[in-house]
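Beneath this line is the structure, given in structure tokens, with notes to follow.
These numbers come from a predicted model, not from an experiment. Read the numbers this way: they start at 1 and go in the same order the structure lists the ligands and their atoms. Only heavy atoms go into these numbers, but all of them, side chains included; no hydrogens, no water, no symmetry mates.
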Amino acid sequence: MSREDPQAAFTRLFGAAPEGVATAPGRVNLIGEFTDYNEGFVLPVALDKVCRIFWRCREDTQIRVASLQYPNQIDSFVNNADYEHGPHVWSRYVRGVVAAARVWQRTTKGIDLLIDSEVPEGKGLSSSAALEVSLLGALNATNTWGLSLTDIARLGQLAENDFVGCQCGIMDQLVSATAVAGHALLIDCASLECTPVPLPETWAIVVLDSNHPRQLVGSEYNQRRLDCEEARDSLGVSSLRHATRKILSAHRAELSDNVYRRALHVIGENERVLTLVDVLKQGSLPLTQALLADGQQSLAENFEVTVAATEALVVLAHEALGNQVAARQTGGGFGGAVVCLCDHRDINTLLQAIDAGYPQRTGLHADVIRCDPGAGLEVTWYD
Ligand code: ADP
Ligand code: MG
């Protein structure tokens, strides 16, 4: 499908050319699943698929926003309006960011905005964080707010938690804001310290969307959070981040089997994140494969968030490439996507195996999203 040039579209919609563009990527999490809200470690990668927001400041207090992904829909509101949903579901994210900034005593001047994103929506690649972070990059630059990248991530999360109404952790916004190209990002979710970790250049990242309909996601996700809180309280630690296998065994008799296994997942998963950081330095695919396989098994048996479709994708990947592909379900669980790491030269073998086996085993078709590790927020003013 031929796409309209976004700068030409901006001029068509708003009557003058944009003054600049802010760009922020989507992400995929390599390992560290359900650890963020336990103040643990995560290791996501920013993608080379980005959201771009073109802007032009206005003389008045009006904010107008359009998206090339939602043609013929414009939202228009004043900069100090109370948060309300507006005419389009997607523009909640824009109104939410403007409202969140006001919580931090920052009211933007009037501005025209055009969104153009390559991050597929609702596939677990965090198109929402890419949108929030690029928008905050644009508002921070035009209003000279002086926000740090961490501030931008925290404000994006605030917008999503308190205005859009999704209780996400801070991983997505932080990696979208601060990622370094060619690197994964180790995030300590307690201190928010971020450490870029180089990824071997010969490795490809392939995301396989299972297209399994995600059901009960919200209630089950929340139940897992409650299980983790129960474990934390029973173990007498301030967060599961501080739990160890020794503490867990000492309290085993007091915990229900479910709660025990949830805590076991979080403890093991934090270990796996830190081990993978070392393994990436060695560039070993077989060791990476072993870690992601352990993670997948723990997601299945301890955290109980996998489904037959994502399990089939992982099995098919291993059948195709053995220990030369690391694969596991990524994201909030109960379906969604599988992340695979393999050598660039092996991508076709992998994809042929998925094509041949997945529909037959599940009745579903997998969408393939090939990604390179991209950079975080960038803001450019046009001359
Ligand atoms: P994801 O896993 O992709 O972040 P979410 O449900 O959290 O899924 O966020 C997707 C929502 O973000 C979309 O439904 C839409 O409201 C908004 N969004 C993402 N990209 C765009 C875009 N290019 N234009 C307008 N809205 C977008
Ligand atoms: Mg999202």
Side-chain angles (χ1 to χ4, degrees), residues 1 3-4 6 9-10 13 21-29 33 36-37 42 44-47 49-55 63-77 83 85-98 100 112-138 153 155-177 207-215 217-218 221 310 329-339 367 369 371:
M1 199 174 78
R3 287 159 58 106
E4 184 177 11
F10 190 101
L13 287 164
V21 62
T23 303
R27 66 92 189 95
V28 64
N29 193 16
E33 217 65 80
D36 60 350
Y37 58 71
V42 293
V45 183
L47 307 179
K49 314 257 176 299
V50 296
C51 179
R52 293 189 176 83
I53 300 219
F54 299 83
W55 80 76
I63 297 165
R64 295 191 296 179
V65 59
S67 167
L68 283 189
Q69 283 65 56
Y70 293 85
N72 307 320
Q73 299 183 2
I74 290 196
D75 190 10
S76 182
F77 54 102
Y83 176 75
H85 281 98
H88 313 299
V89 173
W90 60 267
S91 71
R92 291 184 299 176
Y93 289 84
V94 178
R95 289 178 177 236
V97 162
V98 169
D112 288 333
L113 300 160
L114 176 64
I115 304 164
D116 183 21
S117 184
E118 307 155 349
V119 187
E121 292 176 27
K123 300 284 186 191
L125 299 179
S126 215
S127 66
S128 58
L131 173 49
E132 292 146 11
V133 170
S134 51
L135 176 56
L136 280 158
L155 261 187
Q157 185 197 17
L158 180 67
E160 191 143 348
N161 287 173
D162 285 13
F163 294 98
V164 178
C166 168
Q167 295 310 311
C168 58
I170 198 167
M171 165 171 74
D172 302 356
Q173 290 81 3
L174 211 45
V175 65
S176 183
V207 176
L208 303 171
D209 178 20
S210 70
N211 281 316
H212 171 88
R214 296 179 79 209
Q215 282 153 355
V217 180
Y221 184 91
T310 52
Q329 179 183 290
T330 182
F334 312 100
V338 163
V339 59
D367 287 321
I369 304 158
C371 330

Any idea which atoms of ligand 1 are less than 4.0 Å away from a heavy-atom of [X]?
X	value
Ile115	22 (C), 23 (N), 24 (N)
Ser128	4 (O), 7 (O), 9 (O)
Gly124	2 (O)
Ser117	23 (N)
Tyr70	15 (C), 24 (N), 25 (C), 26 (N)
Leu131	18 (N), 26 (N), 27 (C)
Ser126	1 (P), 2 (O), 3 (O), 4 (O)

CA sep, side-chain torsions, deciding dist, call: Thr23, Ser134, side chain to side chain contact (heavy atoms under 4.5 Å, CB included): CA-CA 5 Å; Thr23 303; Ser134 51; 6.0 Å; no

Cys371 vs Val207 side-chain heavy atoms within contact, under 4.5 Å: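 Of all side-chain heavy-atom pairs linking Val207 with Cys371, at least one is under 4.5 Å.
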
Salt bridge (Lys or Arg N to Asp or Glu O under 4.0 Å): pairs with one or both residues in residues 156-177, sequence neighbours excluded: Arg27-Asp172

Test side chain to side chain contact (heavy atoms under 4.5 Å, CB included) applied to Leu68 and Ile115, step by step: CA-CA 6 Å; Leu68 283 189; Ile115 304 164; over 6 Å; no

Test salt bridge (Lys or Arg N to Asp or Glu O under 4.0 Å) applied to Lys49 - qualifying residues, sequence neighbours left out: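 Lys49: no salt bridge (Lys or Arg N to Asp or Glu O under 4.0 Å) contacts found.
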
Residues forming a salt bridge (Lys or Arg N to Asp or Glu O under 4.0 Å) with Asp36, sequence neighbours excluded: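 None.
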
Backbone N/O of Pro25 and side chain of Ser176: donor-acceptor pair under 3.5 Å: yes

Expected output: side-chain Glu33 to main-chain Gly331 donor-acceptor under 3.5 Å: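 Yes, Glu33 side chain to Gly331 backbone: donor-acceptor pair under 3.5 Å.
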
Polar atom proximity, Gly122 to ligand 1 (N or O, under 3.5 Å): yes

Under 3.5 Å: N/O of Ser67 near N/O of ligand 1: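 Yes, there is a polar N/O contact under 3.5 Å.
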
Can you pull out the closest protein heavy atom to [atom]? Residue, atom name and distance to 0.1 Å, please.
atom	answer
atom 26 (N) of ligand 1	Trp90 CB, 3.3 Å
atom 23 (N) of ligand 1	Gln69 OE1, 2.9 Å
atom 6 (O) of ligand 1	Tyr93 OH, 4.1 Å

Option nearest atom 19 (C) of ligand 1 (shortest heavy-atom distance, choices Ser134, Gly336, Ser127):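 Among Ser134, Gly336, Ser127, the closest heavy atom to atom 19 (C) of ligand 1 belongs to Ser127.
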
Gln69 versus Trp90, side-chain donor and acceptor atoms under 3.5 Å: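 There is no such pair between these side chains.
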
Count, waters excluded, of protein N, O or S atoms under 2.8 Å from the Mg ion (ligand 2):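 There are 1 of them.
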
Within reach of ligand 1, part of Glu121 (heavy-atom separation under 4.0 Å): both

Aromatic plane relationship, Tyr37 with Tyr221 - under 30° parallel, 30 to 60° tilted, over 60° perpendicular: perpendicular

Working for salt bridge (charged side-chain N to carboxylate O under 4.0 Å, His left out), residues Arg64 and Asp112: CA-CA 5 Å; Arg64 295 191 296 179; Asp112 288 333; 2.9 Å; yes

Leu135 and Val94: CA distance, side-chain angles, deciding distance, side chain to side chain contact (heavy atoms under 4.5 Å, CB included) verdict: CA-CA 8 Å; Leu135 176 56; Val94 178; 3.8 Å; yes

Test log, rule salt bridge (charged side-chain N to carboxylate O under 4.0 Å, His left out), inputs Arg95 and Asp75: CA-CA 9 Å; Arg95 289 178 177 236; Asp75 190 10; 2.6 Å; yes

